There are 2 protein chains.
Amino acid sequence: MAVPNPPTSRDVARLAGVSQTTVSYALTGRGTISAATRAHVLEVAASVGYRPNLAARSMRTRRTGRLAVVSGPTLDHQVRVLAGAGEVAAAAGYALETRTVDGTVEERTARVRELAAAGEHEGVLTLVPVLPDVLTDPAAPTGERPERTVVVAETTFDDHMRSVGDLADAGPVAEFVETLLAAGHRRFLHVAGSDQYASARARRDAYLAAVDRAAAGPATRDVVSLGVVGGTWSPEDARRAVHDLPSDAPPLAVVAANDLLAAGVLRGAAERGWSAPGDVVVTGWDAAEMGAYLTPSLTTVDVDFTEAGRRAMQRLVAAVRGEEPPPRGAAVARIVWRESTGPLPGHRPAR
Amino acid sequence: MAVPNPPTSRDVARLAGVSQTTVSYALTGRGTISAATRAHVLEVAASVGYRPNLAARSMRTRRTGRLAVVSGPTLDHQVRVLAGAGEVAAAAGYALETRTVDGTVEERTARVRELAAAGEHEGVLTLVPVLPDVLTDPAAPTGERPERTVVVAETTFDDHMRSVGDLADAGPVAEFVETLLAAGHRRFLHVAGSDQYASARARRDAYLAAVDRAAAGPATRDVVSLGVVGGTWSPEDARRAVHDLPSDAPPLAVVAANDLLAAGVLRGAAERGWSAPGDVVVTGWDAAEMGAYLTPSLTTVDVDFTEAGRRAMQRLVAAVRGEEPPPRGAAVARIVWRESTGPLPGHRPAR
DNA sequence: CTGAAAGCGCTTACAG
DNA sequence: CTGAAAGCGCTTACAG
């Protein structure tokens with residue numbers, strides 16, 4: 001029992017008593033066509049359930065209508081980024097394909113380069129760090145559609161190895177340090193993430209700068225940073241780093257690069273018999289759902305990953321269309337104060 | 001400065017001094033062609049960096065070479081499933097597109113139906129529960145390629161509202177109950193996940209069956225189940241459920257449907273002044289990374305989501321190709337005993 | 001074993 | 001405002 005072939009624009013043309021050209025004009029909105037003809041064609045098309053064959057259209061227009069997003073296999077917040085990116089891509093009429101890559105920055109860069117060279121996509125958005133030379137020059141002329149696959153990064157190494165990208169805003173780090181300082185804390189430590197990630201570098205640099213400022217401040221000559229430890233995203237390293245601290249380290253304020261590292265710090269502190277938030281206070285990042293249920297619950301930064309994904313995809317779509325990129329926009333991060341930072345003057349902890 | 005058009009099979013034919021037919025035969029492996037000619041064509045193709053235009057191929061073969069996977073916006077283990085699915089799809093030569101859907105089961109089903117009706121994909125794999133009528137009849141004749149988009153679920157409602165799918169294996173639940181029973185526990189509670197999910201239903205049913213068996217066992221007339229609470233994936237509900245327990249509930253063994261719920265239970269217990277694993281022991285599911293750093297660290301089920309994703313995609317690819325589906329295969333779940341279940345005879349807790 | 005020709009379903013100059 | 005015709009880059013009977 002053969003399924004009947006889906007109707008083509010030719011079928012619609014015959015049924016509507018017009019030419020295929022007219023059907024195309026009615027559907028694409030291009031060309032000149034009377035409103036009445038257009039309405040009629042659209043009605044006929046709908047009545048037979050006509051759907052344009054995208055492969056045929058693509059062949060003719062030399063435009064695939066497809067984008068790709070490249071993510072890493074591990075970081076779980078990337079699902080939310082993907083959701084936002086997918087939403088924008090769909091709204092813009094693009095199919096979005098997902099690839100996961102792994103390995104060193106060179107390997108990831110090679111995979112992205114390969115993907116772009118295959119020419120199956122009009123644009124590629126990478127959520128994982130890649131070397132800058134694979135990216136499409138952001139200074140490329142706007143106004144005309146690029147002829148080859150555009151590559152845009154949500155986060156990347158820029159020329160000065162500094163952060164770019166909506167997720168990399170490290171402002172909350174300064175607020176952590178300043179608030180804890182105001183609450184009487186004087187001894188600080190940073191547990192960093194992998195410095196292949198712009199976000200990790202930005203948080204580390206922001207921590208260093210904030211502690212420097214604190215040390216230069218009035219009546220705070222006793223501010224001391226125990227330095228930066230970690231340098232991976234592994235909570236096990238965070239736990240070990242706490243074990244490696246001198247026994248007179250507390251009272252200590254730890255700024256961790258994400259919630260998982262913060263959980264490692266909390267665990268390490270518990271293992272050493274240090275109370276939290278008594279002997280040690282900790283901040284995280286990402287608003288991982290479980291963090292609210294730790295004891296003590298984790299102070300963190302609630303990042304709107306979905307919105308970040310939307311914005312990154314908007315940049316890609318604009319680049320693919322040769323349009324002006326959208327403005328960077330305000331930070332999408334918000335601090336959530338919880339128990340792990342202890343009682344704070346002027347702050348009411350959330351659950 | 002115009003970029004030169006990428007070479008076509010016609011260009012390769014001219015350069016190689018053969019017909020386009022021969023180029024096609026050399027590339028696809030179809031048709032009859034001498035080994036020498038084939039090698040020559042392949043060499044020329046490689047030397048000019050020829051890549052077949054997939055849109056053109058697709059139009060001719062009426063096969064898009066594209067698959068879609070539908071996931072939910074929240075459950076973070078789905079990234080790992082996606083990674084496994086993507087790996088298999090890529091190896092089988094398919095492009096894999098990702099869609100996220102939300103809403104009620106009816107809404108999700110409608111979205112999947114729509115996606116399949118669009119005909120842009122040869123197959124759709126859904127990771128979120130949908131109603132069974134949208135799925136391709138698994139009893140469909142194999143041996144010939146289906147004419148329309150195949151829809152396969154990683155997990156689904158089947159006719160009897162029972163679990164199917166590699167992730168739904170509830171065997172570990174029985175092992176939890178039996179092991180805790182052997183360790184002397186007599187009072188049990190289950191914190192269930194959303195019953196829209198086959199996995200949640202399977203775990204709940206397995207819990208009920210295991211407790212029944214325990215109550216029917218020798219010398220265990222004092223086994224008592226405080227019932228099933230929860231019914232969402234929200235850790236807040238789990239926390240509240242603990243608050244709603246009578247104050248003489250402990251000693252209590254709680255089987256939670258996942259790690260996040262287990263964290264909610266732990267938090268609720270701490271708030272009531274119940275110690276863990278003294279007054280309350282808890283098990284989770286999913287091996288969420290943070291669970292190993294809670295105090296007490298969380299006993300859980302390590303699910304190989306990547307492998308589950310691979311298998312689901314293998315089923316889809318087989319269905320798309322009209323091949324026999326691969327065998328279901330053994331469970332991909334493994335219990336990791338940690339501190340939250342306390343000391344257990346014959347078990348050594350992992351970190 | 002190889003090639004000439006048709007055709008997949010669209011869009012787009014171009015002519016009327 | 002509308003239509004006839006060409007062509008995007010492949011694959012595949014079919015003929016030799």
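For clarity, every value in this text was computed on a predicted model and none was experimentally measured. Chain A is the first sequence line, chain B the second, and so forth, proteins listed ahead of strands; every chain is numbered from 1.
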Would you kindly give the [atom1]-to-[atom2] distance between [X] and [N], to the nearest whole Å?
| X | N | atom1 | atom2 | value |
| --- | --- | --- | --- | --- |
| B:H40 | C:dC1 | NE2 | P | 18 Å |
| A:Q20 | C:dG9 | CD | C1' | 7 Å |
| A:R14 | D:dT2 | CZ | P | 20 Å |
| A:R30 | D:dT2 | CZ | C1' | 18 Å |
| A:L27 | C:dT12 | CG | P | 13 Å |
| B:I33 | D:dT11 | CD1 | C1' | 14 Å |

Runs of at least three consecutive pairs that involve DNA chain D, where pairs are Watson-Crick or G-U with distances under 3.5 Å: C:1-3 with D:14-16, C:5-12 with D:5-12, C:14-16 with D:1-3
Exercise answer: donor-acceptor pairs, residues 12-20 of chain A side-chain atoms, under 3.5 Å, sequence neighbours excluded:
from, atom 1, to, atom 2, distance (Å)
A:R14, NH2, A:D11, OD1, 2.8
A:S19, OG, A:T21, N, 3.3
A:S19, OG, A:T22, N, 3.2
A:S19, OG, A:T22, OG1, 3.2
A:Q20, NE2, A:S9, OG, 3.0

When rounded to the nearest 0.5 angstrom, what distance separates [atom1] in [X] from [atom2] in [Y]?
| X | Y | atom1 | atom2 | value |
| --- | --- | --- | --- | --- |
| B:L54 | A:M59 | CG | CE | 12.0 Å |
| B:Y94 | B:H121 | OH | NE2 | 13.0 Å |
| A:L125 | A:R315 | CG | CZ | 7.5 Å |

Can you pull out the residues from residues 48-66 of chain A that lie within a 4.0 Å heavy-atom distance of DNA chain D? A:M59, A:R60, A:R62
Between A:E107 and A:R111, is the closest basic N to carboxylate O distance under 4.0 Å? no
Tell me, do [X] and [Y] make a side-chain contact under 4.5 Å, heavy atoms counted?
| X | Y | result |
| --- | --- | --- |
| B:T126 | B:V69 | no |
| B:M313 | B:L316 | yes |
| B:L82 | A:T98 | no |

Has [X] got a side-chain N or O lying under 4.0 Å from the OP1 or OP2 atom of [N]?
| X | N | answer |
| --- | --- | --- |
| B:T8 | D:dG9 | no |
| A:T22 | D:dG3 | yes |
| A:S9 | C:dC10 | yes |

Name the closest nucleotide to the B:T32 side chain, picking from D:dT2, C:dC1, C:dG3. C:dC1
Checking contacts here: which listed nucleotide (D:dC1, D:dT11, C:dT2) is nearest the side-chain heavy atoms of A:S34? D:dC1
As a test of understanding, state which of B:T104, B:V105, B:V112 forms a side chain to side chain contact (heavy atoms under 4.5 Å, CB included) with B:R108. B:V105
How would you label the contact of B:S24 with the nucleic acid (heavy atoms, under 4.0 Å): base, sugar-phosphate, or nothing? base
Under a 3.5 Å distance rule, please check whether A:E122 uses its side chain to pair with a backbone N or O of A:L67 as donor and acceptor. no
Any salt bridge (charged side-chain N to carboxylate O under 4.0 Å, His left out) pairs touching residues 83-93 of chain A, not counting sequence neighbours? A:E87-A:R310
Of all pairs that satisfy salt bridge (charged side-chain N to carboxylate O under 4.0 Å, His left out), the ones with a partner from residues 43-64 of chain B, not counting sequence neighbours: none
Can you give me the N/O atom pairs linking the protein to nucleotides 13-15 of chain D at distances under 3.5 Å, or say none if there are none?
from, atom 1, to, atom 2, distance (Å)
D:dA13, N6, B:Y25, OH, 3.4

